[in-house]
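Just follow the structure's listing: the first ligand is 1, and inside any ligand the first atom is 1. Just the heavy atoms: all of them, side chains too, but no hydrogens, waters or symmetry mates, feed the values below. A quick note: this is a predicted structure, and the numbers were derived from the prediction, not measured.
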Amino acid sequence: MSYNLLKGKKGIIFGALDERSIAWKTALRCHEEGAEIVLSNAPVAMRMGEINKLAEKVGAPVVAADATSMDDLKKLFEEATKHFNGGVDFVLHSIGMSLNVRKGKGYTELDYGFNQKTLDISAMSLHRVLRTAWDMDAINEWGSVVALTYIAAQRVFPDYSEMADAKALLESVARSFGYHYGTRKKVRINTISQSPTATTAGSGVKGFDGFIDYADKMSPIGNATGEQCADYCVSLFSDLTRMVTMQNLFHDGGFSFMGVTPLVIEKMGK
Ligand code: NAI
């Protein structure tokens, strides 16, 4: 159902790889709610060609940008502001990648070269995006920026490995830049801490199926789906949440405040 919550709003959505991506689902929902969109992803991800199907559905141009390249980001914002004939009202940062996890290196044997890239792609890219927009004054007053994160930033999930550190840094960047952009232009910056969700990035974590099942059994309402995450993003991009900023917002069916549930105890007893 559409409420026209984003009528007249213009946004950049990073990270739609395929139809399982949270960014993909968010682009569809934003379009339904009346937003105009520019899609972006890393050049290597674009080669898969899937994003063009989404672009057609939501009538959006696609601009390739490696989120660790200031030149790419500048070009992206230039093209987006040209396309919109003005500034941007919202940005979704839905970008994550761990080189060490991908190469099978555990937390106690990190390769620091890979680690730097992981932190740059998964966390400092938010700073790079915000800095680019800041320098170009490309986000409109009362704009809204959302980045996606995971509770491993606060609690230890061993197989999440270096991504836990990346998410802690990402959440900190959202708070720190949230101060500056809030005072300058009332732009709000938040992170959504989402339940485990079956996507390409999610499935990279070792034992992911068990992980999803455990989180579901630990959450009074169950795991939040990608579609529900898209709904939450829409609410944060809308004018109904204008005073929410610098927050890490748990979107996890209650998981973050649970100690244990009978469902999990029952499973342990067997
Ligand atoms: P996904 O694999 O569909 O999306 C990750 C995206 O990051 C891809 O589109 C990929 O191309 C992009 N990316 C990687 N390197 C990039 C670069 N250098 N420049 C630009 N883009 C780059 O997976 P998903 O799950 O939709 O991930 C989106 C966000 O949600 C990530 O930040 C992830 O950590 C976060 N998240 C995911 C959860 C899950 O269980 N799937 C749970 C909580 C948070």
**Q** I'd like to check which ligand 1 atoms, numbered from 1 as shown, lie under 4.0 Å from a non-hydrogen atom of A45.
**A** 11 (O)
**Q** Return the closest protein heavy atom for atom 25 (O) of ligand 1 as residue, atom name and distance.
**A**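 Checked against all protein heavy atoms, atom 25 (O) of ligand 1 sits closest to T199 OG1, 2.5 Å.
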**Q** Give me the nearest non-hydrogen protein atom to atom 10 (C) of ligand 1 as residue plus atom name, then the distance to 0.1 Å.
**A**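 For atom 10 (C) of ligand 1, the nearest protein heavy atom is N41 OD1, 3.6 Å.
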**Q** What pairs with M218 under side chain to side chain contact (heavy atoms under 4.5 Å, CB included), at least two apart in sequence or on another chain?
**A** Y214, F255, M258, T261, V264
**Q** Below 4.0 angstrom from a heavy atom of L148, which ligand 1 atoms are there? Numbered from 1 as shown, please.
**A**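 Close to L148: 29 (C), 30 (O), 32 (O), 35 (C).
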**Q** Which option out of S203, A152, A67, A224 puts a heavy atom nearest to atom 19 (N) of ligand 1?
**A**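 Residue with the shortest heavy-atom distance to the ligand atom: A67.
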**Q** Is the shortest distance from a heavy atom of K167 to ligand 1 less than 4.0 Å?
**A**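 It does, in that a heavy atom of K167 comes within the 4.0 Å cut-off of ligand 1.
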**Q** State whether the side chain of T241 and the backbone N or O of V244 hold a donor-acceptor pair below 3.5 Å, judged by distance alone.
**A** no
**Q** Report the member of I212, T197, T149, T191 with the shortest heavy-atom distance to atom 36 (N) of ligand 1.
**A** T149
**Q** Would you say S98 and N100 are linked by a side-chain donor-acceptor pair, where the criterion is simply a distance under 3.5 Å?
**A** no
**Q** List the closest protein heavy-atom neighbour of atom 27 (O) of ligand 1: residue, atom name, distance to the nearest 0.1 Å.
**A**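 Protein heavy atom at minimum distance: A201 CB, 4.0 Å.
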**Q** Please identify which atoms of ligand 1 are closer than 4.0 Å to at least one heavy atom of D66.
**A**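 Ligand 1 atoms under the 4.0 Å threshold to D66: 17 (C), 18 (N), 19 (N).
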**Q** Can we say D135 and R131 salt-bridge, meaning some charged N sits less than 4.0 Å from an Asp/Glu carboxylate O?
**A** yes
**Q** Under 4.0 Å between a Lys/Arg side-chain N and an Asp/Glu carboxylate O for K74 and E78?
**A**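 Yes, this pair counts.
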**Q** Less than 4.0 Å is my threshold; does some heavy atom of F208 fall inside it relative to ligand 1?
**A** yes
**Q** Is the closest N or O pair between Y150 and ligand 1 shorter than 3.5 Å?
**A** no
**Q** If the cut-off is 4.0 Å to any non-hydrogen atom of P196, which atoms of ligand 1 fall inside it?
**A** 40 (O)
**Q** Count the heavy atoms of every other residue, nucleotide or ligand shown that sit under 6.0 Å from NZ of K117, and state whether that count exceeds 12.
**A**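 No, because the 6.0 Å sphere around NZ of K117 holds 12 heavy atoms or fewer from other groups.
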**Q** Is ligand 1 less than 4.0 angstrom away from at least one heavy atom of A65?
**A** yes
**Q** Show me which atoms of ligand 1 lie under 4.0 Å from any heavy atom of Q194.
**A** 42 (C), 43 (C)
**Q** State plainly whether the residues E32 and R29 are in salt-bridge range, i.e. N to O under 4.0 Å.
**A** yes
**Q** Relative to the ring of H180, is the ring of W134 parallel (under 30°), tilted (30 to 60°) or perpendicular (over 60°)?
**A**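 Because their plane-to-plane angle is over 60°, the rings of W134 and H180 count as perpendicular.
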**Q** Contact between ligand 1 and S195 is defined here as a heavy atom of the residue under 4.0 Å from a ligand atom; is it met?
**A**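 Right, S195 reaches ligand 1.
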**Q** Suppose we measure from atom 4 (O) of ligand 1 to each protein heavy atom; which comes out shortest, and what is that distance?
**A**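 Of every protein heavy atom, G15 O, 3.6 Å lies nearest to atom 4 (O) of ligand 1.
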**Q** Any donor and acceptor pair, going by atom type alone, linking the side chain of N41 with main-chain N or O of M46 inside 3.5 Å?
**A** no
**Q** Any side-chain donor-acceptor pair under 3.5 Å between D18 and T200?
**A** yes
**Q** Who's closest to atom 15 (N) of ligand 1 heavy-atom-wise, of I121, V129, L126?
**A** I121
